[in-house]
Amino acid sequence: MPEPYPRPVDEAFEAVRREIASRAPEIDIDPTMARVQRVLELLGDPHRAYRTVHITGTNGKSSTARMIERLVREHGLRTGRFTSPHLTSVTERISVDGEPLSQERFVEVFEDVAPYIGVVDRESQEQGGPRLSFFEVLTVMAFAAFADAPVDVAVVEVGMGGTWDSTNVVDGEVAVITPVALDHERWLGSTVEEIATEKAGIIKDGATAVIAEQTDAALGPILEGAEKVGAHLVREGIDLEVVDRRIAVGGQLVDLRTPAGVYTEIFVPLHGAHQAHNALLALAATEALITGGRALGAEIVEAGFADVEVPGRLELVRTSPTVLVDVAHNPAGAEALVDALEESFNLERVVAVVAVMADKDAEGLLSVLEPAVAEIVVTRNSSERSADPEDLAEVAREVFGEERVHVAARLDEALQVATDLAEADNTSSTGLGSGVLVTGSVVTVADTRILVGRG
């Protein structure tokens with residue numbers, strides 16, 4: 001029965017959030033697209049109502065997705081963007097025209113699709129299977145919201161892998177594969193070759209595949225997958241190149257070469273060489289989608305990139321002392337972080353705050369951070385999957401040595417310890433000063449942004 005009085009929006013949203021969160025989490029994988037396909041079929045296949053760019057890879061997916069969406073929107077097209085995970089609110093995952101769904105709209109979309117999800121939940125359970133998972137429900141919601149808007153183009157980031165990811169129901173006209181490295185080995189495979197094979201599964205018949213520079217181990221399976229479906233390849237290192245990049249206030253100026261020509265003096269408000277390479281992929285993908293590979297208008301490209309926002313990627317969240325946050329959670333991400341930190345921030349001494357998930361390669365990540373960090377404070381984040389601080393400290397002492405490692409039971413305490421250590425060292429005669437770097441997980445960054453009033 002309908003409720004006698006409408007609930008406040010925040011109460012209704014919280015009820016929906018709890019219902020979705022009660023389902024199997026993103027790490028509880030049942031590798032099939034069948035449930036999502038069935039719900040979408042009942043809904044009339046909303047994911048076929050718009051053009052799609054599909055993005056996979058190990059690192060850089062969300063940044064690249066945000067750049068593509070912004071460039072497409074600058075052409076006057078309506079856009080949908082589906083990315084994961086979120087920093088502060090689950091609503092961030094589903095955006096229309098660059099804005100996350102409001103809580104009210106999020107509730108409306110869920111209520112629209114809930115009866116169909118219920119049908120498929122029952123069908124699956126009757127056959128001994130699970131209900132739709134947390135991520136599967138959000139996938140259905142995103143595709144329904146985009147059709148209802150309606151959008152012209154959806155930019156869709158995979159949840160994990162590619163071949164069996166629930167987003168792979170879409171027929172992406174353009175597939176983008178960012179650099180592939182070891183991550184999520186439990187589900188995707190223990191080698192880079194296996195992981196790359198899974199990720200190449202998003203490349204569809206006759207699509208354009210925009211491929212980042214890859215290791216030999218990753219490149220082989222990707223090229224093989226693309227050849228099987230007759231994809232048109234646009235490869236970094238052959239067709240694409242970051243010709244030049246220069247540090248600028250708030251980001252960098254880049255010169256980017258695509259098959260259509262060279263775009264010069266493009267301001268990208270993000271730090272690090274990796275973001276220049278993400279911008280290159282985004283530009284090539286947008287060319288393929290909008291013009292079939294011809295050059296885009298210089299003013300459109302400049303305006304689109306200049307307006308890109310990617311929270312949590314070497315983001316300055318506080319000054320005095322400098323506090324930076326970055327979502328790096330694997331060794332490859334940490335390498336990009338360290339390079340960008342040393343290049344873009346003039347800090348003489350860095351104190352790191354690190355909390356990682358228990359299933360991640362903590363030793364690999366800490367080993368990459370070690371040369372760039374003077375001292376480290378290990379802690380935990382708000383996730384149940386967070387590694388125990390004492391266990392993490394044991395690993396950290398092997399990498400950093402006993403004297404450089406501090407332990408805090410909670411993230412707020414760790415941030416205070418690191419801030420005190422940084423401020424104590426900010427008397428340097430060089431004037432370069434000290435700073436705090438918080439990293440190790442998306443959840444760690446999200447928690448920190450809330451603590452400093454950025455959430």
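Any value given below was found using the heavy atoms of this structure, including those in side chains, with hydrogens, waters and symmetry copies removed.
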Exercise for the section: Check the pair E157 / T167 against side chain to side chain contact (heavy atoms under 4.5 Å, CB included), numbers first and verdict last. Expected result: CA-CA 8 Å; E157 175 189 341; T167 65; over 6 Å; no
Exercise for the section: Could you please spell out the steps behind the side chain to side chain donor-acceptor pair (under 3.5 Å) verdict for D30 and T32? Expected result: CA-CA 6 Å; D30 181 30; T32 176; 5.9 Å; no
Exercise for the section: Show your working on side chain to side chain donor-acceptor pair (under 3.5 Å) between H277 and E236 and close with a plain yes or no. Expected result: CA-CA 9 Å; H277 290 274; E236 184 175 8; 2.4 Å; yes
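In this structure, R105 does not pair ionically with E99, as no charged nitrogen and carboxylate oxygen lie closer than 4.0 Å. Between E69 and R66 no salt bridge is recorded (no basic side-chain N to carboxylate O distance below 4.0 Å). Ion pair R246/E265 flagged as a salt bridge, since at least one NZ, NE, NH1 or NH2 atom sits closer than 4.0 Å to an Asp/Glu carboxylate oxygen. Comment: R78 engages D97 in a salt bridge, judged by a side-chain N to carboxylate O separation of less than 4.0 angstrom. R23 and E136 are not joined by a salt bridge, as no carboxylate oxygen comes within less than 4.0 angstrom of a charged side-chain nitrogen. Ion pair E375/R349 flagged as a salt bridge, since at least one NZ, NE, NH1 or NH2 atom sits closer than 4.0 Å to an Asp/Glu carboxylate oxygen.
Judged by distance alone, the side chain of R380 and the main-chain N or O of A355 form no donor-acceptor pair under 3.5 Å. Checked by atom type and distance alone, the side chain of T52 never pairs as donor or acceptor with a backbone atom of D171 at under 3.5 Å.
Taking the side chain as every heavy atom from C-beta outward, F106 and L138 approach each other to under 4.5 Å. When side chains are defined from C-beta on, E370 counts as touching R404, because their heavy atoms get closer than 4.5 Å.
A ring-centre distance under 6.0 Å is found for F82 and F135.
Atoms CG and CG, from L87 and D447 in turn, are 10.0 Å apart once rounded to the nearest 0.5 Å.
Just one residue in the list S166, S84, S133 forms a side chain to side chain contact (heavy atoms under 4.5 Å, CB included) with T139, and that residue is S166.
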